[in-house]
Enquirer: 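Before I ask anything, let me first share the structure, which is written out below as structure tokens.
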Amino acid sequence: MSIAELLEEVRASIPLREARLLLCHVIGVSHAVLEAHPEGKVSPQDAASFRALVARRAAGEPVAYLIGHREFYGLDFQVTPAVLIPREETELLVDIAVEQPAQRILDLGTGSGCLAIAVAKQLPQARVTAVDASAAALAVAQANAARHAVSVRFLLGDWFAPVEGERFDLILANPPYVAEADPHLSQGDVRFEPRSALAAGSEGLDDIRRIVAGAGAHLVPGGRLYFEHGYDQARAVAALLDAAGFVSIAQRRDLAGILRVTGGTRP
Ligand code: GLN
């Protein structure tokens with residue numbers, strides 16, 4: 001069968017853009033090659049593998065898990081169901097790190113490592129530490145750091161526990177922030193992602209509260225904390241930072257215009 005025939009065959013099951021990604025993955029060619037050679041022949045084995053992936057995608061599994069990777073900040077990251085799939089809005093945190101470079105940087109809840117690794121790539125002189133409570137996630141993050149040839153210190157543990165007694169110039173986090181009862185958790189791709197990377201108590205603020213509470217003791221004076229949060233949490237998280245004594249509280253909008261990242265400075 002040809003590439004064009006296979007893509008046509010699955011047209012009613014999944015979007016063409018996703019079918020192309022799955023087919024590139026199965027036959028091991030780039031998007032450009034797939035586009036340029038619609039007449040290219042696909043072996044019966046590859047066609048069968050492709051159809052199996054299309055069926056899984058049609059049943060809801062995220063494309064990034066099926067093909068095992070996702071782009072973030074211009075870099076390709078390995079992803080498995082042990083980690084949250086990198087999202088575009090999280091790139092705001094890399095921008096923040098790049099705009100005002102810091103020396104000692106901590107990424108809390110690193111998951112795939114995308115944030116820590118993108119920052120380390122952009123700021124080669126920085127010393128980047130990345131923490132995660134999941135050993136399976138850290139294994140993925142370590143593989144990604146090796147692949148991008150950056151040196152990041154990876155530590156296993158709960159939020160600040162593995163960096164007891166240490167201080168940083170910049171702390172970044174994309175913590176879980178979805179309310180446990182949010183119907184969003186039972187829809188679409190997020191159903192397949194680690195619950196521990198998504199949900200955080202009845203208001204989605206449990207982990208952000210812990211991070212804000214612990215950050216002061218782990219920042220040098222003048223050090224900054226920035227984290228991602230939910231679409232409706234901007235006001236609450238700014239209040240949390242203010243109550244914890246942070247100054248110069250600042251917020252950033254994502255590409256959809258939603259206040260998505262908030263941070264402040266330790267006086
Ligand atoms: N933005 C993600 C979502 O709504 C949640 C990511 C997170 O909790 N850090 O699917």
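Atoms considered below: every heavy atom in the structure, side chains included; atoms not considered: hydrogens, waters and symmetry mates. Numbering of ligands and ligand atoms starts at 1, following listing order.
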Enquirer: Is it true that Arg209 and Glu203 make a salt bridge, defined as a side-chain N closer than 4.0 Å to a carboxylate O?
Expert: yes

Enquirer: Find the distance between CG (Asp95) and CD (Gln122) and round it off to the nearest 0.5 Å.
Expert: 9.0 Å

Enquirer: Suppose we measure from atom 2 (C) of ligand 1 to each protein heavy atom; which comes out shortest, and what is that distance?
Expert: Arg87 NE, 3.2 Å

Enquirer: For Pro175, counting its heavy atoms only, list the atoms of ligand 1 lying under 4.0 Å from any of them.
Expert: 7 (C), 8 (O), 9 (N)

Enquirer: So is Gly204 touching ligand 1 or not, going by heavy atoms under 4.0 Å?
Expert: no

Enquirer: I'd like to know if Asp76 and Arg147 make a salt bridge, using a cut-off of under 4.0 Å between side-chain N and carboxylate O.
Expert: yes

Enquirer: Using a strict 4.0 Å cut-off to heavy atoms of Val190, name the atoms of ligand 1 that fall inside it.
Expert: 10 (O)

Enquirer: Under 4.0 Å from a heavy atom of Pro176: give me the atoms of ligand 1 that qualify, with their elements.
Expert: 8 (O)

Enquirer: Report, in ascending order of atom number, the atoms of ligand 1 lying under 4.0 Å from any heavy atom of Leu198.
Expert: 5 (C), 8 (O)

Enquirer: Hey, is Ala199 one of the residues with a heavy atom under 4.0 angstrom from ligand 1?
Expert: no

Enquirer: Does ligand 1 have any atom sitting under 4.0 Å from a heavy atom of Glu89?
Expert: yes

Enquirer: Please indicate whether any nitrogen or oxygen in Asn174 is less than 3.5 Å from any nitrogen or oxygen in ligand 1.
Expert: yes

Enquirer: Atoms of ligand 1 less than 4.0 Å from Ala197 heavy atoms?
Expert: 7 (C), 8 (O), 9 (N)

Enquirer: Taking everything shown except Gln45 itself, do over 12 heavy atoms lie less than 6.0 Å from its CD?
Expert: no

Enquirer: Which residue holds the protein heavy atom closest to atom 4 (O) of ligand 1, what is that atom called, and what is the gap in Å?
Expert: His184 NE2, 2.9 Å

Enquirer: How far is atom 8 (O) of ligand 1 from its nearest protein heavy atom, and which residue and atom is that?
Expert: Tyr177 N, 3.3 Å

Enquirer: With rounding to the nearest 0.5 angstrom, report the CD1 to CG distance, Ile3 to Leu34.
Expert: 4.5 Å

Enquirer: Just checking Phe168 against His218, ring centres under 6.0 Å apart?
Expert: no

Enquirer: Are there more than 12 heavy atoms of other residues, nucleotides or ligands under 6.0 Å from atom OH of Tyr231?
Expert: no

Enquirer: What about the rings of Phe77 and His148, do their centers lie closer together than 6.0 Å?
Expert: yes

